[in-house]
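Notes follow once the structure below has been shown.
Here is the naming used below: chain letters follow the sequence lines, and residue numbers restart at 1 for every chain.
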Amino acid sequence: MAEVVAVIASTHHPFYYRASTSTGDDRPPFADEWVAKIERFRETLTRAKPDVLVMVGSDHFHQLWLDNMPQFLVGKAPFYDANWYNEEREFGLPRFRLEGHEELSSHILRGGLDSGFDLAFSNELRIDHSITCPIITLRPEADLPIVPIYTNIFAPPLPQPSRFVELGRQIRRLVESWPGNERVAIIGTGHLSLELGGPRQFGPHGPDPEFDRKAVEWIASGDIEGCLAEVTLDSLHAPGNATHGFMDFMLMMGAAGDGVRADHVDSLDLFHTMEAYFTWYPKATADGTHGAGRADA
Amino acid sequence: MSKYLLNKFLFTVDRDPELVERYREDPADLVTWWEENEANRILNCIADERSTWLAFTDEERAALTAHDHVALFRMGAHPFLTLTLFIAMFERDNTEPLQYQKAYGAALAEFSLPYPDIAT
């Protein structure tokens with residue numbers, strides 16, 4: 001059976017690529033600290049030695065549109081071209097192409113449909129920065145096949161937060177029931193408090209540092225119950241008008257497991273929004289070492 | 001009022017570099033052209049299979065023509081679509097980093113929670 005060797009949850013900040021590659025006067029003062037944190041975060045994936053990446057993100061009105069909007073969609077294609085003109089224009093993101101893992105996509109689609117998730121699918125999907133940002137930060141070689149999974153955190157009506165958690169749990173089960181020998185990392189990106197196109201945007205911090213503090217604690221401690229007790233579709237408007245992207249973090253909490261504390265937790269308070277990075281190693285052993293660490297030993 | 005049609009305008013203009021420039025330079029001409037030719041186009045269908053019923057209200061047409069992102073926010077246009085397109089048109093005029101983005105937010109200071117509903 002396939003092994004889930006890492007579960008990773010992250011913000012996806014489209015400015016990272018430009019900040020990390022800029023030099024001289026163009027390099028922002030926070031770039032060096034940001035790069036150092038990302039390099040430590042990247043190592044948490046590298047040491048897990050993954051063969052395949054299941055990648056959860058959300059299309060930002062690139063390919064998915066209001067005339068035909070899926071709630072949860074799984075890509076099933078041999079390749080995925082990546083990034084869009086408006087992401088090149090605004091963020092300087094490069095275009096690239098990732099290989100797909102069609103068999104694992106099929107397995108997740110079939111298993112999802114048979115377990116209460118009426119998943120949409122796409123056989124030709126151009127992915128956006130919700131999936132390419134973690135490629136840039138965590139696997140810049142872009143050399144592993146992926147299964148992209150898109151969620152709707154963007155165009156109401158949205159699924160309930162509990163559905164995101166349950167889908168994360170189900171993705172974890174489905175990967176673990178895949179009869180291949182691959183080492184699979186499940187990586188998902190979302191947001192903490194965030195405002196886009198509203199009065200609280202582009203402040204010196206994220207729009208709601210108190211929400212961010214609570215959110216990081218929920219994720220780091222795997223406190224799904226506590227999180228679900230406070231987070232509703234309505235409540236997520238208060239921390240910032242784009243904070244529904246936090247539901248992708250809730251999905252990843254479901255994938256990591258109830259009450260499972262993250263093995264790597266880091267954050268960076270930036271202008272506009274807080275960055276946050278989490279890695280779990282599912283095969284923790286009784287003596288406190290972890291699956292990936294054991295593989296290194 | 002059609003939040004959907006406002007969003008369709010923002011979405012289809014934002015993804016086309018030529019339309020972004022036309023909207024920046026001559027918004028009245030671009031909005032008129034778009035409503036006549038594009039408003040009823042179903043995006044993955046041939047031209048003959050158009051919709052027959054989509055049109056802007058006077059208020060919507062005026063807001064788009066005036067580049068009035070505050071009015072668009074009030075009408076419930078999707079804030080991400082509006083922001084992305086307006087940054088594409090006006091960030092280039094910045095004389096300091098994030099100048100346009102901050103001014104865009106400040107212009108919305110009259111709004112408090114709950115913001116206008118963006119559901120379509």
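- Interface residues of residues 32-45 of chain B toward chain A, defined by a heavy-atom distance below 4.5 Å and sorted by number: B:I42, B:L43.
- At a 4.5 Å heavy-atom cutoff, the contact between B:V20 and chain A is made by side-chain atoms alone.
- Contact between B:T84 and A:E90 at its shortest, heavy atoms only, is CG2-OE1, 3.7 Å.
- B:P97 does not touch chain A: none of its heavy atoms, backbone or side chain, sits under 4.5 Å away.
- For A:Y85, the part lying under 4.5 angstrom from a heavy atom of chain B is the side chain only.
- Contacts classified as side chain to side chain donor-acceptor pair (under 3.5 Å) and involving residues 152-162 of chain A (residues at least two apart or in different chains) are given here: A:Q71-A:N152.
- Counting non-hydrogen atoms of neighbouring residues, nucleotides and ligands closer than 6.0 angstrom, the CZ atom of A:R97 reaches no more than 12 such neighbours.
- Considering all non-hydrogen atoms of both residues, A:P156 and B:A119 come closest at CG-CA, 3.7 Å.
- Applying the 6.0 Å contact sphere to CD of A:E124 captures no more than 12 heavy atoms from other residues, nucleotides or ligands.
- When ring centroids are compared, B:H78 and A:F61 come within the 6.0 Å threshold.
- Heavy atoms of A:F154 lying under 4.5 Å from chain B belong to its backbone as well as its side chain.
- Close approach to chain B, defined as a heavy atom under 4.5 Å from one of its heavy atoms, is seen in A:E195, A:L196, A:G197, A:G198, A:P199, A:R200, A:Q201, A:F202 of residues 188-204 of chain A, taken by number.
- Taking 4.5 Å as the limit, every side-chain heavy atom of A:R89 sits out of range of all side-chain heavy atoms of B:I87.
- Contact annotation for B:D16: only backbone heavy atoms (N, CA, C, O) come within less than 4.5 Å of a heavy atom of chain A.
- In terms of non-hydrogen atom pairs under 4.5 Å with chain A, the most contact-rich of B:A109, B:A106, B:P17 is B:P17.
- There is no contact between A:A242 and chain B, counting heavy-atom distances below 4.5 Å.
- By number of non-hydrogen pairs under 4.5 angstrom with chain A, the leading residue of B:F111, B:F86, B:Y115 is B:Y115.
- The two residues B:R15 and A:Q63 have their closest heavy-atom pair at NH2-N, 4.3 Å.
- The 12-atom threshold is not exceeded at CZ of A:F121, counting heavy atoms of other residues, nucleotides or ligands nearer than 6.0 Å.
- With a 4.5 angstrom heavy-atom cutoff, B:T120 touches chain A via backbone and side-chain atoms both.
- Between B:Y4 and A:W65, the ring planes are tilted. Angles from 30° to 60° get that label.
- Side-chain contact between B:K8 and A:L66 is absent, with no heavy-atom pair separated by less than 4.5 Å.
- Relative ring orientation between B:F80 and A:H60 is described as tilted, the plane-to-plane angle lying within the 30° to 60° band.
- By the side chain to side chain contact (heavy atoms under 4.5 Å, CB included) test, A:S22 is found to be paired with A:D26, A:R27, A:P28, residues two or more places apart in sequence or in another chain being considered.
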